[in-house]
Amino acid sequence: MKRLLKNQGTFQIFFAMLLVIGIMVISMYYLYRNSISGIYDRMTENNSLAVKAMIGSFDNNFRSINNLIHSIHMLPYNVLEPGEDGHVDMSDVYLLQDNLSSLVSSVDFIEDAVIFYDDQELVITSTGTSSMTQFFNQKYKHDRFNATYWRTYMKERNSFKLFQGDYYRISSDTFKETTKKLMIAAGGNKVRLSNKNVMLLINEKAFMKQVSQNLMIPGASLIVLDQNQQVVYSTDSALNMTGMMEEVYLSSTQETSLTRENYEYHFYKSDFNEFIYIEKIPFQFQNIDSVSQANRLIMFTAILCAILLSILLSIYLNKPVKRILHQLGGRHSGNDFAKILSGIKHMQAENDTYKKQLAFVDGEARRGILLLALDHRELSAEHELLIQRYEADFFLNKQFVMVMFRWSAPAQSGDGTQASAESIAELLRTGLRERQAMANVYHERELQFLALIGIRGASERETLFKLLGLLLGQLQQGELSGYTGIACVSKVYPSELANCSRAYQSLANAMAYRHVNERASIIDASKLEYEWSMPLPIEKLEKLASFVMNGKLKESKTIVTETIRETAERNVHQHQFAYIAKSLFYAMVRHAAPSANRNDELYLLESEFLRTVESGASPEKLEQLLHDAAQHIVHHSEAAEPASKLNKAYVSQYIELNYMRNLYLDQLAEVTGTSPKYFSSYFKKTFGVNYVEYLNKVRLSHARELLKHSNYSVSEIGEKTGYLNSSTFTTTFKKYYGISPSEYRKQKQNTG
């Protein structure tokens with residue numbers, strides 16, 4: 001017993017229960033002191049204030065309706081007279097419809113607005129035009145309020161009327177029928193503002209959202225009557241108004257009350273439109289004294305029972321509390337419940353961390369297995385076991401297609417950050433599954449992702465193309481705004497992990513061999529066409545190198561632009577276009593001064609260029625990067641100190657750029673500022689061969705490239721490489737390579 005009394009956990013339970021008892025006693029005593037009747041009086045008073053606030057909200061809504069109807073009547077084109085051909089000028093109708101749509105959009109609770117004219121079938125709404133019969137008998141269907149009813153009603157001379165809410169069956173463009181409770185506001189035509197018949201369809205649920213009924217006491221009801229004492233809105237379906245309005249009189253500023261049976265009715269009249277609002281609340285409780293006595297008995301009985309329950313619970317819960325604390329590793333001294341709560345929170349945090357770690361490890365294991373399956377290398381026994389364990393999780397149907405997603409990131413996102421690979425993979429996974437495509441998505445490398453999508457047949461593959469187009473469009477306009485994405489779809493394969501490498505290879509080929517001007521965001525790998533003819537702009541590469549070396553930035557950019565655009569116009573494959581872009585880049589880099597790589601500037605420029613090329617960027621983006629590279633290299637070439645012209649680098653570079661001309665030894669001696677004899681001796685000593693032999697080797701190396709990669713004739717190639725006639729070219733070529741130029745070309749074409 002002594003140990004029990006020293007236990008803080010027992011006292012915590014006991015005093016907590018006593019605190020509950022104390023709060024309960026104070027609450028019940030306060031209720032007793034104020035009496036039920038007093039509470040009732042205050043509740044009815046507060047309810048009256050709440051009802052007045054609701055009336056103000058109703059008036060505001062009715063004022064909006066009245067203003068809208070008045071504005072619609074003020075719209076032009078009151079009379080739509082048929083023209084000479086017997087038809088209405090639809091331009092006037094569409095202009096009226098546009099104005100109507102603009103007006104209706106300013107009022108949230110308006111479902112639709114309708115304009116029609118006497119003896120005309122045409123109906124103009126905020127969403128378009130229709131016929132009277134189609135609009136009220138097909139789109140908004142009601143057993144009573146059909147097109148005949150409204151045509152007859154609006155022909156009569158009536159003041160403004162608001163019809164009580166009723167359920168309408170609404171047909172949408174997708175042929176699905178929904179049900180909404182609508183109130184109809186029919187514009188008054190006793191005194192016409194125009195020859196229009198105006199009706200407003202009001203969504204009662206949206207209308208009542210702006211009228212808060214939360215402050216009304218339970219059991220109270222609200223009834224709204226129009227100026228003709230007809231019910232417009234009621235929260236009491238069993239209300240009997242028979243003879244009630246004959247017993248009350250309301251002026252524009254008066255309020256009155258009426259007692260009938262067990263209810264009080266409070267009447268209010270709006271000073272805006274003379275609508276009458278009736279508040280129905282239960283009449284004051286009977287037998288207040290007996291209720292008070294019963295309340296005192298309940299209060300004392302509850303106090304005694306609560307004290308007894310506190311003692312018993314304190315003793316009963318003592319041992320379980322200690323056991324829980326022991327399991328959580330807490331001490332037996334101090335605040336037991338605080339330690340239990342702390343231990344539970346710590347355990348939950350650890351569990352959440354472990355779950356995230358396990359999910360991450362499992363996801364990475366699946367990704368690793370897939371990447372292993374894409375590789376043709378022989379796997380170890382451990383890897384084979386992992387593949388057998390996870391293989392069933394990759395495929396969601398008996399057949400699958402593989403989709404390769406490749407994203408190009410913007411230069412810089414709006415907030416300076418870019419989406420992570422994990423977040424993009426999750427967006428793709430969620431987007432596919434929301435569109436009923438059961439897919440597993442994996443990050444392969446950089447911004448390239450692979451999706452394994454289970455399908456039942458080839459027909460589903462055709463549907464998949466539309467689905468992917470919608471998904472890419474949504475992401476590029478939403479979460480991945482600024483990114484550019486393309487998707488490549490493989491053919492259908494049986495769901496075996498061994499087929500993943502075949503599907504992946506076909507996707508990689510399709511990405512590399514797609515045409516550079518291909519603007520479609522979805523590529524079908526099964527329709528891939530291979531082409532090997534690629535023009536190699538050797539002359540322009542040589543001109544570009546010359547311009548860069550001589551610091552001519554404008555001319556360098558012009559060569560880059562011409563080459564990129566001419567290549568793009570040929571619509572070559574993507575990998576061929578990438579090769580030409582790289583050739584342009586390295587033709588310039590060869591002539592960069594040492595200062596061009598200060599602080600790794602040229603290295604970073606090269607890395608960015610190669611990354612962009614590999615991502616399959618557009619010709620325009622690559623053209624801009626090449627312009628930037630030219631500007632950087634030319635800038636540093638101009639800033640570099642001029643080197644002596646009589647050096648190996650300058651001489652070899654000059655020959656490389658001018659080999660196609662009649663490049664005599666005397667001319668080179670003049671360029672380097674030396675005599676022919678001195679230059680000849682210097683050249684042989686520096687290069688190990690005489691000048692003529694070196695020049696022939698340079699010319700013939702370029703001739704070989706033209707023979708392999710161009711369609712020029714042998715004589716044309718001889719002229720382009722600096723030989724005066726084809727016979728000299730053929731003789732020299734055969735001297736160095738043992739075969740004629742034409743035989744060399746045939747040999748290279750046969751070997752592929």
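Values reported hereafter were calculated over all heavy atoms of this structure, with side chains retained and with hydrogens, waters and symmetry mates removed.
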Participant: Show the nearest heavy-atom pair for residues Leu450 and Met402, with the distance to one decimal.
Facilitator: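 Of all heavy-atom pairs spanning Leu450 and Met402, the closest is CD2-SD, 4.2 Å.
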Participant: Test your reading of the model: is there a side-chain donor-acceptor pair from Ser521 to the backbone of Ile486, 3.5 Å cut-off?
Facilitator: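 Checked: no pair found.
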Participant: Please answer whether the main-chain N or O of Ser126 pairs with a side-chain N or O of Asp112 as donor and acceptor at a distance below 3.5 Å.
Facilitator: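 Between the backbone of Ser126 and the side chain of Asp112 there is a qualifying donor-acceptor contact (under 3.5 Å).
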Participant: Please confirm whether Tyr140 and Phe135 have ring centers closer than 6.0 angstrom.
Facilitator: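 Aromatic pair counts; centres sit under 6.0 Å.
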Participant: Please round to the nearest 0.5 Å and tell me the distance separating atom NZ of Lys621 and atom CG of Leu626.
Facilitator: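 If we round to the nearest 0.5 Å, Lys621:NZ and Leu626:CG are 13.0 Å apart.
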Participant: For atom CZ of Arg169, is the number of surrounding heavy atoms from other residues, nucleotides or ligands below 6.0 Å larger than 12?
Facilitator: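 Enclosed: over 12 neighbouring heavy atoms sit under 6.0 Å from CZ of Arg169.
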Participant: Please check: side-chain N/O of Ser506 versus main-chain N/O of Ala525, any donor-acceptor pairing under 3.5 Å?
Facilitator: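 No: the side chain of Ser506 does not pair with the backbone of Ala525.
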Participant: So does Lys141 have more than 12 non-hydrogen atoms from other groups sitting under 6.0 Å from NZ?
Facilitator: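 Counting other residues, nucleotides and ligands, NZ of Lys141 exceeds 12 neighbours.
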Participant: State, with a plain yes or no, whether a side-chain heavy atom of Tyr167 is found less than 4.5 Å away from one of Leu182.
Facilitator: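 No, too far: nothing below the 4.5 Å cut-off.
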Participant: What do the steps show when you test Tyr493 against Gln399 for side chain to side chain contact (heavy atoms under 4.5 Å, CB included), and what is the final call?
Facilitator: CA-CA 6 Å; Tyr493 290 92; Gln399 294 177 307; over 6 Å; no
Participant: Counting N and O atoms only, with roles assigned by atom type, does the side chain of Ser495 sit under 3.5 Å from a partner on the main chain of Lys398, one being a donor and the other an acceptor?
Facilitator: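 Looks like yes, one N/O pair under 3.5 Å.
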Participant: Under 3.5 Å, is there a donor-acceptor pair between the side chain of Asn137 and the main chain of Ala147?
Facilitator: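 Here the side-chain-to-backbone pair exists.
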Participant: If you measure only the distance, is there a donor-acceptor pair under 3.5 Å linking the side chains of Gln624 and Asp628?
Facilitator: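 Yes.
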Participant: Apply the side chain to side chain donor-acceptor pair (under 3.5 Å) test between Thr430 and each candidate in Glu426, Arg433, Glu434; give the one that qualifies.
Facilitator: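 Going through Glu426, Arg433, Glu434 one by one, the side chain to side chain donor-acceptor pair (under 3.5 Å) with Thr430 is satisfied by Glu426 alone.
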Participant: Are the side chains of Arg461 and Asp524 in contact, using a 4.5 Å heavy-atom criterion?
Facilitator: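 Yes, close enough: below the 4.5 Å cut-off.
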Participant: First locate atom CG of Leu200, then atom CD1 of Ile110, and finally report the distance between them rounded to the nearest 0.5 Å.
Facilitator: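 So the CG of Leu200 and the CD1 of Ile110 are separated by 4.5 Å.
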Participant: Check whether the side chains of Thr561 and Glu623 place a donor and an acceptor atom closer than 3.5 Å, and report yes or no.
Facilitator: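 Yes, side-chain donor-acceptor contact under 3.5 Å.
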Participant: For the residue pair Ser101 and Thr127, establish whether any side-chain heavy-atom pair is separated by less than 4.5 Å.
Facilitator: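 A side-chain contact under 4.5 Å is absent here.
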Participant: Check whether any side-chain heavy atom of Lys181 lies under 4.5 Å from a side-chain heavy atom of Asp166, and answer yes or no.
Facilitator: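 Counting from C-beta outward, Lys181 and Asp166 never come under 4.5 Å.
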Participant: Between Arg406 (side chain) and Gln448 (backbone), is there a donor-acceptor pair under 3.5 Å?
Facilitator: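 Not at all, since once roles are kept as given, no pair shorter than 3.5 Å links the two residues.
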Participant: Can you measure from CE (Met199) to CD1 (Ile69) and round to the nearest 0.5 angstrom?
Facilitator: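 One gets 10.0 Å once the value is rounded to the nearest 0.5 Å.
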Participant: Main chain of Gly478, side chain of Ser481: is a donor-acceptor contact present, judged purely on distance under 3.5 Å?
Facilitator: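 Judged by distance alone, no pair lies under 3.5 Å.
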Participant: For the residue pair Glu562 and Thr558, confirm or rule out a side-chain donor-acceptor distance under 3.5 Å.
Facilitator: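 Distance-only check fails for Glu562 and Thr558.
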Participant: So, do Trp150 and Phe163 have ring centers that fall under 6.0 Å from each other?
Facilitator: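 Under 6.0 Å, so yes.
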Participant: Distance only, no hydrogens: is a donor on one side chain within 3.5 Å (strictly under) of an acceptor on the other, for Asn60 and Arg63?
Facilitator: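 Judged by distance alone, the side chains do pair up.
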Participant: When you measure from the side chain of Lys196 to the backbone of Leu75, do you find a donor-acceptor pair of N or O atoms at a distance under 3.5 Å?
Facilitator: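 Checked: pair present.
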Participant: Roughly how far, to the nearest 0.5 Å, is the NZ atom of Lys180 from the CD1 atom of Ile202?
Facilitator: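 Reported to 0.5 Å precision, the distance equals 13.5 Å.
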Participant: Does the side chain of Val198 come within less than 4.5 Å of His73's, by heavy atoms?
Facilitator: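 Yes, at least one pair of side-chain atoms sits under 4.5 Å.
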Participant: Does the separation of the ring centres of Phe207 and Phe109 fall below 6.0 angstrom?
Facilitator: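 Centroid distance Phe207-Phe109: below 6.0 Å, so yes.
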Participant: At what distance, to the nearest 0.5 angstrom, does OH of Tyr168 lie from CE of Met183?
Facilitator: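 Reported to 0.5 Å precision, the distance equals 10.5 Å.
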Participant: Pairing donors with acceptors under 3.5 angstrom, does anything connect the side chains of Tyr233 and Glu204?
Facilitator: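 Checked: Tyr233/Glu204 side chains show no N/O donor-acceptor pair below 3.5 Å.
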Participant: Given 3.5 Å as the limit, does a donor-acceptor pair link the side chain of Tyr483 with the main chain of Ala419, or not?
Facilitator: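 Yes: the side chain of Tyr483 pairs with the backbone of Ala419.
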Participant: Donor-acceptor check, side chain of Gln97 to backbone of Val93, threshold 3.5 angstrom: yes or no?
Facilitator: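 No, Gln97 side chain to Val93 backbone: no donor-acceptor pair under 3.5 Å.
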Participant: Say you draw a straight line from OG of Ser71 to CG of Asn99; how long is it, rounded to the nearest 0.5 Å?
Facilitator: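 So the OG of Ser71 and the CG of Asn99 are separated by 11.0 Å.
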Participant: Counting the benzene-type ring for Trp, do Phe449 and Tyr442 have ring centres under 6.0 Å apart?
Facilitator: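 Distance test on ring centres: not under 6.0 Å, no.
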Participant: State, yes or no, whether a side-chain contact exists between Val560 and His627 at a heavy-atom distance under 4.5 Å.
Facilitator: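 The answer is yes, as the side chains (C-beta and beyond) meet within the 4.5 Å cut-off.
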Participant: Any non-hydrogen side-chain atom of Ile564 less than 4.5 Å from a side-chain atom of Leu584?
Facilitator: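 Yes; the side chains approach each other to less than 4.5 Å.
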Participant: Would you indicate whether the side-chain heavy atoms of Met132 and Phe136 approach each other to under 4.5 Å?
Facilitator: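 The answer is yes, as the side chains (C-beta and beyond) meet within the 4.5 Å cut-off.
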Participant: If we count only N and O atoms by modelled type, under 3.5 Å, do the side chains of Glu121 and Thr133 hold a donor and an acceptor together?
Facilitator: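 Yes, side-chain donor-acceptor contact under 3.5 Å.
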Participant: Look at atom CZ of Phe465 and say whether more than 12 heavy atoms of other residues, nucleotides or ligands are closer to it than 6.0 Å.
Facilitator: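 Yes, because the 6.0 Å sphere around CZ of Phe465 holds more than 12 heavy atoms from other groups.
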